[in-house]
Colleague: 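Please find one structure pasted underneath; my questions will follow.
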Amino acid sequence: MAFTMRAVKVPPNSASLEEARHRVFDFFKQACRSIPTVMEIYNLDDVVTPSQLRSTIAKEIRKNQNITNPKVIDMLLFKGMEELNNIVEHAKQRHHVIGQYVIGQEGLVQELGSKDQGSSDFLKKFYSSNYF
């Protein structure tokens with residue numbers, strides 16, 4: 001099995017914050033244009049709508065809205081482009097995409113305080129111990 005390394009093209013650094021901001025908008029447009037392809041590749045029609053994916057992309061971009069250093073923005077854009085490229089090239093499996101972008105980071109977390117304490121003394125001691 002031969003592995004061919006694809007050329008990763010590093011864009012030039014942004015000269016100003018305004019140029020970096022423009023690149024962020026271009027990346028968002030590119031990501032939104034790839035949503036139908038991603039929906040088809042990973043068969044996400046039964047799980048999520050395109051508008052929900054678009055809002056998830058916007059949320060991920062807005063997480064870094066307070067960054068003002070153009071070099072940091074360029075680095076984050078490069079990471080975002082690589083992530084988008086990996087998704088579009090089907091380098092991830094369906095459950096990866098669903099877990100990261102459909103369910104989200106807080107979607108899998110359940111309430112930890114409301115565990116069923118069980119009826120046996122063993123389980124009550126186990127649940128109250130430091131190992132859980």
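Numbers here simply count residues along the sequence, with the first being 1.
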Colleague: Looking at V88 and I41, what are the two nearest heavy atoms and their distance?
Modeller: O-CD1, 3.2 Å
Colleague: Looking only at atom types and distance, does a side-chain atom of S34 sit under 3.5 Å from a main-chain N or O of T37, one as donor and one as acceptor?
Modeller: no
Colleague: Look at the side chain of Y42 and the backbone N and O of H96, then say whether any donor-acceptor pair between them is shorter than 3.5 Å.
Modeller: no
Colleague: Is the backbone N or O of T49 less than 3.5 Å from a side-chain atom of Q52, with the two atoms forming a donor-acceptor pair by type?
Modeller: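 Side chain of Q52 to backbone of T49, a donor-acceptor pair under 3.5 Å: yes, one is there.
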Colleague: When you look at NE2 of H90, are more than 12 heavy atoms from neighbouring residues, nucleotides or ligands closer to it than 6.0 Å?
Modeller: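 Count over threshold, so yes.
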Colleague: Do the non-hydrogen side-chain atoms of F27 and L84 ever get within less than 4.5 Å of each other?
Modeller: yes
Colleague: With distance as the sole test, does R54 use its side chain to make a donor-acceptor pair with the main-chain N or O of C32 at under 3.5 Å?
Modeller: no
Colleague: Under 3.5 Å, is there a donor-acceptor pair between the side chain of E82 and the main chain of F78?
Modeller: no
Colleague: So which heavy atom on D74 is nearest to which on R23, and how close?
Modeller: OD1-NH1, 3.9 Å
Colleague: In this structure, are over 12 heavy atoms from other groups packed under 6.0 Å from R94 atom CZ?
Modeller: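 Yes.
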Colleague: Closest approach of A20 and S14, non-hydrogen atoms and distance?
Modeller: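 Minimum heavy-atom contact is CA-OG, 3.5 Å.
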Colleague: State, with a plain yes or no, whether a side-chain heavy atom of L17 is found less than 4.5 Å away from one of I73.
Modeller: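 L17 vs I73: side chains touch.
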Colleague: Atom CD1 in I35, atom OG1 in T56: separation rounded to 0.5 Å?
Modeller: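 One finds 8.5 Å between CD1 of I35 and OG1 of T56.
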Colleague: Between I57 and Y101, is there a side-chain heavy-atom distance shorter than 4.5 Å?
Modeller: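 No - every pair of side-chain heavy atoms lies 4.5 Å or more apart.
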Colleague: Considering only heavy atoms from C-beta outward, does the side chain of L44 approach that of L53 to under 4.5 Å?
Modeller: yes
Colleague: What distance do I61 atom CD1 and L76 atom CG have between them, rounded to the nearest 0.5 Å?
Modeller: 10.5 Å
